[in-house]
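Heads up, the thing below is written out as structure tokens.
Note that the numbering runs from 1 along the sequence shown for the chain. Note that the coordinates shown come from a computational prediction; the quantities given were computed from them, not determined experimentally.
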Amino acid sequence: MKKAASNPGQLCLSIGKPLSLLLAEVHKSSRNPQLRKAAAQMQEALQIFAQANQTGLSKSVKAKVAIQEILTK
């Protein structure tokens, strides 16, 4: 089996569920308070990204693409 080349500059999530749902699952099901807090912070960050995406806050094309990728993965 051949290993795929790793590209640290590219964010790639090979999961079937959106990131927001996965974070909600961690927040609801984890008993570890640090994990629950981290999930809540990441959910807040996703909301900020969504708002920035809707308002066109970022002028950088690369940043816009990255935000869109984060929101759709």
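Of all heavy-atom pairs between H27 and R36, the closest is O-NH1, 2.7 Å. Smallest separation of non-hydrogen atoms from L23 and A39: O-CB, 3.6 Å.
Cluster membership for I67 and I70, using ILVMFWY side-chain heavy atoms within less than 4.5 angstrom, is shared. Two different hydrophobic clusters hold V26 and M42 under the rule that ILVMFWY side chains link at heavy-atom gaps under 4.5 Å.
Atom-to-atom distance recorded for L22:CG and Q43:CD is 10.5 Å, nearest 0.5 angstrom.
Contact of the E25 side chain with the K17 side chain is registered, since non-hydrogen atoms from C-beta on lie closer than 4.5 Å.
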>> Please determine whether side-chain contact (heavy atoms from CB on, under 4.5 Å) holds for the pair N53 and Q68, giving the CA-CA distance in whole Å, both sets of side-chain angles, and the decisive distance to 0.1 Å.
In response: CA-CA 7 Å; N53 191 42; Q68 187 61 32; 3.0 Å; yes
